[in-house]
Amino acid sequence: MIFVFDYAGEDDELISIIQNLKSLQSQRQYAMLVSITGANNNTIQNMSDENLYLFTDELKVSGIDMTSHVSLIVIMELLLYQFMEYEKSNKL
């Protein structure tokens with residue numbers, strides 16, 4: 001599983017990497033691509049197998065992005081806990 005994080009979902013470098021990963025799919029199976037983006041229709045979301053929306057208020061102070069990323073941390077922590085539970089239940 002590959003996670004891609006980009007609030008706007010339009011980062012050219014990430015899009016290029018995703019395109020390269022998808023081009024390899026014809027040669028071999030690639031990992032599931034999960035993106036976490038803002039709640040808008042964007043390129044990375046549309047290229048992903050699954051997308052988790054990140055809801056936050058965008059905040060700029062004197063031209064500096066001060067947007068909170070706490071919800072992203074919460075999503076990743078919940079995914080980690082679920083993965084740990086899955087691993088524990090499959091070892092029994």
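Positions are given from 1, in the same order as the sequence printed here. Just so you know, these numbers use all the heavy atoms, side chains as well, and skip hydrogens, waters and symmetry mates.
- A heavy-atom distance below 4.5 Å is found between the side chains of Gln45 and Tyr53.
- Within the 4.5 Å cutoff, side-chain heavy atoms of Met76 are placed close to those of Leu79.
- A side-chain donor-acceptor contact under 3.5 Å links Asp49 to the backbone of Leu33.
- Put simply, CG on Leu78 and CD1 on Ile73 are 12.0 Å apart, with the number rounded to the nearest 0.5 Å.
- Closest approach of Ile36 and Phe5 over heavy atoms only: CD1-CE2, 3.4 Å.
- When the side chains of ILVMFWY residues are joined at heavy-atom separations under 4.5 Å, either directly or via intervening members, Leu72 and Val74 end up in two distinct hydrophobic clusters.
- Separation of atoms CE (Met47) and OG1 (Thr37) is listed at 13.0 Å; rounding is to 0.5 Å.
- The side chain to side chain contact (heavy atoms under 4.5 Å, CB included) test with Ile75 is passed by exactly one of Val70, Leu80, Leu52: Leu52.
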With a 3.5 Å cut-off and sequence neighbours excluded, list the donor-acceptor pairs that the side chains of residues 8-16 form with protein atoms.
from: Glu10; atom 1: OE1; to: Thr43; atom 2: OG1; distance (Å): 2.7
from: Glu10; atom 1: OE2; to: Thr43; atom 2: N; distance (Å): 2.9
from: Glu10; atom 1: OE2; to: Thr43; atom 2: OG1; distance (Å): 3.3
from: Asp11; atom 1: OD1; to: Glu13; atom 2: N; distance (Å): 3.1
from: Asp11; atom 1: OD1; to: Leu14; atom 2: N; distance (Å): 2.9

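- When atom types are taken as modelled, the side chain of Asp65 and the backbone of Thr67 share a donor-acceptor pair closer than 3.5 angstrom.
- Between Ser71 and Thr56, the shortest heavy-atom distance links the atoms OG-CB, 4.5 Å.
- Rounding to the nearest 0.5 Å gives a distance of 4.5 Å between CG of Asn42 and CG of Asn40.
- For Glu85, the salt bridge (charged side-chain N to carboxylate O under 4.0 Å, His left out) test picks out Lys88, with sequence neighbours left out.
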